[in-house]
Number of protein chains: 2
Amino acid sequence: MVSKAFKPVPASEIPDEISGLRMTRQRQHIYRILLQHRDHPTANDVFMRIKDTLPNLSLATVYTCLDAMVKHGIIRQVNFDRGPSRFCPNLAEHGHFHDVTTGIIHDVQFRPGIHLADVLDLPPGAIIKNVEFTLRGQLS
Amino acid sequence: MVSKAFKPVPASEIPDEISGLRMTRQRQHIYRILLQHRDHPTANDVFMRIKDTLPNLSLATVYTCLDAMVKHGIIRQVNFDRGPSRFCPNLAEHGHFHDVTTGIIHDVQFRPGIHLADVLDLPPGAIIKNVEFTLRGQLS
DNA sequence: GCCGATATCAAGAATTATTCCAGTTATCGC
DNA sequence: GCGATAACTGGAATAATTCTTGATATCGGC
Ligand SMILES: [Mn+2]
Ligand SMILES: [Mn+2]
Ligand SMILES: [Zn+2]
Ligand SMILES: [Zn+2]
């Protein structure tokens, strides 16, 4: 049950600015961690994974870097119930399927051409800015 | 901008047991608060609304009563991002539309006959136990 | 109605994720 | 290089929630 790993991204391949956010050394490393292993890590997971390469990065900085990237639309913050926030570099409209037996979180998309708003009974005049959905279950 | 109020439910109309959970005086009052004003209050909202009738109810008890009712499937716990949990007595499959201009949370249902799993690209073999969705936006 | 067993409750302490703060360091434009 | 600004660090503070411990209430059997 190996979770999907992506090819490591050398620091040189991450530009020094994305969507108007200066990509400092800390932000580049954090972003690379998210791209390499897309398992929706928490801020603390990121912190532990990065300790070897940046030994004096502080957890507060991990939080503020993640927050800055979320605010600039570079990554997304994902919440499951009351658990710690998780982070995801997949910017496509998608939701999450949480496999409760393995703990693995899978990205899930709508079938082509379908939008959530089309299948819902919305209050008249509703303008949707943002959609989030989560499924919990297992893989048989 | 009056939010929907429901007819007050006298204590006598709430049975002394629901789905195997003994409905103590505290639980009855809390449940009645949820039924009367279905605006998805937080535990603290419930606590403040109940203070006049049960002046020595503790906030910890509000939390444990709500949790007991959630565990017994009498009410549902709803989370928006990292905000405090909110509680909802609507047991039908539904999601939430958060109007960001008024702060009001509307219940939203699927159009008849539609299920979220039917419109998604799920991993093969996925068995869905639970679905949650949230929309953010405004009413024009 | 009384009694021990069990469930529930109250009040405050503890926990956990996250944010704030104050001082230091890095980067930018000139 | 220099002052201004942004970013970073480490520790303290915060907020929602849970835990703990000791009281109360309720239950079933007598
Ligand atoms: Mn986290
Ligand atoms: Mn709450
Ligand atoms: Zn994702
Ligand atoms: Zn609801």
Side-chain angles (χ1 to χ4, degrees), chain A residues 11 14-33 40-72 74-88 105, chain B residues 11 14-33 40-72 74-88 105:
Chain A
I14 297 180
D16 60 3
E17 184 181 307
I18 303 183
S19 332
L21 180 68
R22 216 170 80 202
M23 292 301 280
T24 62
R25 198 156 68 99
Q26 291 86 342
R27 290 176 187 152
Q28 289 194 340
H29 279 269
I30 290 169
Y31 187 45
R32 188 169 334 106
I33 296 269
H40 301 86
T42 65
N44 195 57
D45 292 337
V46 171
F47 179 61
M48 291 187 307
R49 288 175 192 178
I50 218 166
K51 274 215 291 264
D52 294 331
T53 22
L54 293 182
N56 40 15
L57 178 72
S58 91
L59 178 57
T61 301
V62 174
Y63 273 102
T64 56
C65 287
L66 287 168
D67 187 56
M69 289 192 270
V70 168
K71 292 225 168 87
H72 285 255
I74 299 169
I75 62 174
R76 293 172 50 181
Q77 176 169 1
V78 179
N79 297 302
F80 296 100
D81 301 324
R82 308 238 89 245
S85 289
R86 296 172 173 277
F87 297 88
C88 174
I105 293 157
Chain B
I14 297 179
D16 60 3
E17 184 181 309
I18 304 183
S19 330
L21 181 68
R22 217 169 82 200
M23 291 300 279
T24 62
R25 197 155 69 96
Q26 290 84 342
R27 289 177 188 151
Q28 288 194 342
H29 279 270
I30 290 170
Y31 187 45
R32 188 167 337 103
I33 296 268
H40 301 84
T42 65
N44 196 58
D45 293 337
V46 171
F47 179 61
M48 292 188 305
R49 289 175 192 178
I50 217 166
K51 274 214 291 262
D52 294 329
T53 23
L54 293 182
N56 39 16
L57 178 72
S58 87
L59 177 58
T61 301
V62 175
Y63 273 104
T64 56
C65 287
L66 288 168
D67 187 56
M69 290 191 271
V70 168
K71 292 225 167 89
H72 286 255
I74 299 169
I75 62 173
R76 293 173 51 180
Q77 177 169 1
V78 178
N79 298 301
F80 296 100
D81 302 322
R82 308 236 89 249
S85 288
R86 296 170 173 278
F87 297 88
C88 173
I105 293 157

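Sequence lines set the chain letters: A, B, ... in the order given, protein chains first and strands last, and positions in each chain run from 1. These numbers were taken from a predicted model, which means no experiment stands behind them.
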Looking at [X], I'd like to know whether one of its side-chain N or O atoms comes within less than 4.0 Å of OP1 or OP2 on [N].
| X | N | value |
| --- | --- | --- |
| A/Ser85 | C/dA17 | no |
| B/Thr61 | C/dA10 | yes |
| B/Arg82 | C/dT19 | no |
| A/Tyr63 | C/dT19 | no |

Would you kindly give the [atom1]-to-[atom2] distance between [X] and [N], to the nearest whole Å?
| X | N | atom1 | atom2 | result |
| --- | --- | --- | --- | --- |
| B/Asp81 | C/dT19 | CG | P | 11 Å |
| A/Met23 | D/dC8 | CE | P | 10 Å |
| B/Ile30 | C/dC9 | CD1 | C1' | 11 Å |
| B/Gln26 | D/dA25 | CD | P | 10 Å |
| A/Met69 | D/dA6 | CE | P | 19 Å |
| A/Asn44 | C/dT16 | CG | C1' | 11 Å |
| A/Phe47 | C/dT18 | CZ | C1' | 14 Å |
| A/Asp67 | D/dA7 | CG | P | 12 Å |

- [ ] Using the closest heavy atom to pick a nucleotide of DNA chain D for each, name whichever of A/Pro55 or B/Ala60 lands nearer the 5' end.
- [x]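 Nearer the 5' end of the strand: A/Pro55.
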- [ ] Between B/Asp16 and A/Leu21, name the one whose nearest nucleotide on DNA chain D is closer to the 5' end.
- [x]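 Here A/Leu21 is the residue nearer the 5' end.
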Are [X] and [Y] close enough that some pair of their side-chain heavy atoms sits under 4.5 Å apart?
| X | Y | value |
| --- | --- | --- |
| A/Arg86 | A/Ile105 | yes |
| A/Tyr31 | A/Met23 | yes |
| B/Pro55 | B/Asp52 | no |
| A/Ile30 | A/Met69 | yes |

Open item on the list: B/Arg32 and side chain to side chain contact (heavy atoms under 4.5 Å, CB included): which single residue from B/Thr53, B/Ile14, B/Ile50 fits?
Closed with: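 Among B/Thr53, B/Ile14, B/Ile50, the one that satisfies the side chain to side chain contact (heavy atoms under 4.5 Å, CB included) with B/Arg32 is B/Ile14.
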Open item on the list: Regarding A/Asn56, tell me which of base, sugar-phosphate or nothing describes its non-hydrogen contacts under 4.0 Å with the strands shown.
Closed with: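 Sugar-phosphate, no base atom in range.
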- [ ] Measure from the side-chain heavy atoms of B/Arg27 and tell me the nearest of D/dC8, C/dA10, C/dC9.
- [x]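 Out of D/dC8, C/dA10, C/dC9, the nucleotide with an atom closest to B/Arg27's side chain is C/dC9.
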Task: Residues in side-chain hydrogen bond (donor to acceptor under 3.5 Å, both in side chains) contact with A/Arg82, at least two apart in sequence or another chain - done: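 Testing A/Arg82 for side-chain hydrogen bond (donor to acceptor under 3.5 Å, both in side chains), a comparison that skips the adjacent residues, returns B/Asn79, B/Ser85.
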- [ ] Measure the spacing between CG of B/Leu54 and NE2 of B/His29 and express it to the nearest 0.5 Å.
- [x]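 Nearest 0.5 Å value for the CG-NE2 distance: 4.5 Å.
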Task: Heavy-atom closest contact (B/Cys65 atom, B/Arg27 atom, distance) - done: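 Smallest heavy-atom distance, with atoms named: SG-CG, 3.6 Å.
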Open item on the list: Using five pairs at each end of the helix from C/dG1-D/dC30 to C/dC30-D/dG1 to define an axis, what is the angle between those two axes, to 10°?
Closed with: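 Between the first-five-pair axis and the last-five-pair axis there is 40°.
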Task: A/Asp67 side-chain N/O to A/Thr64 backbone N/O, donor-acceptor pair under 3.5 Å - done: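 Such a contact is absent between A/Asp67 side chain and A/Thr64 backbone.
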Open item on the list: Using only atom types and a distance under 3.5 Å, with no angle test, would you say the side chain of B/His72 pairs donor to acceptor with the backbone of B/Ser19?
Closed with: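 Confirmed, B/His72 side chain pairs with B/Ser19 backbone.
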Restricting to nitrogen or oxygen on both sides, can you table the protein-nucleotides 24-30 of chain C pairs closer than 3.5 Å?
none

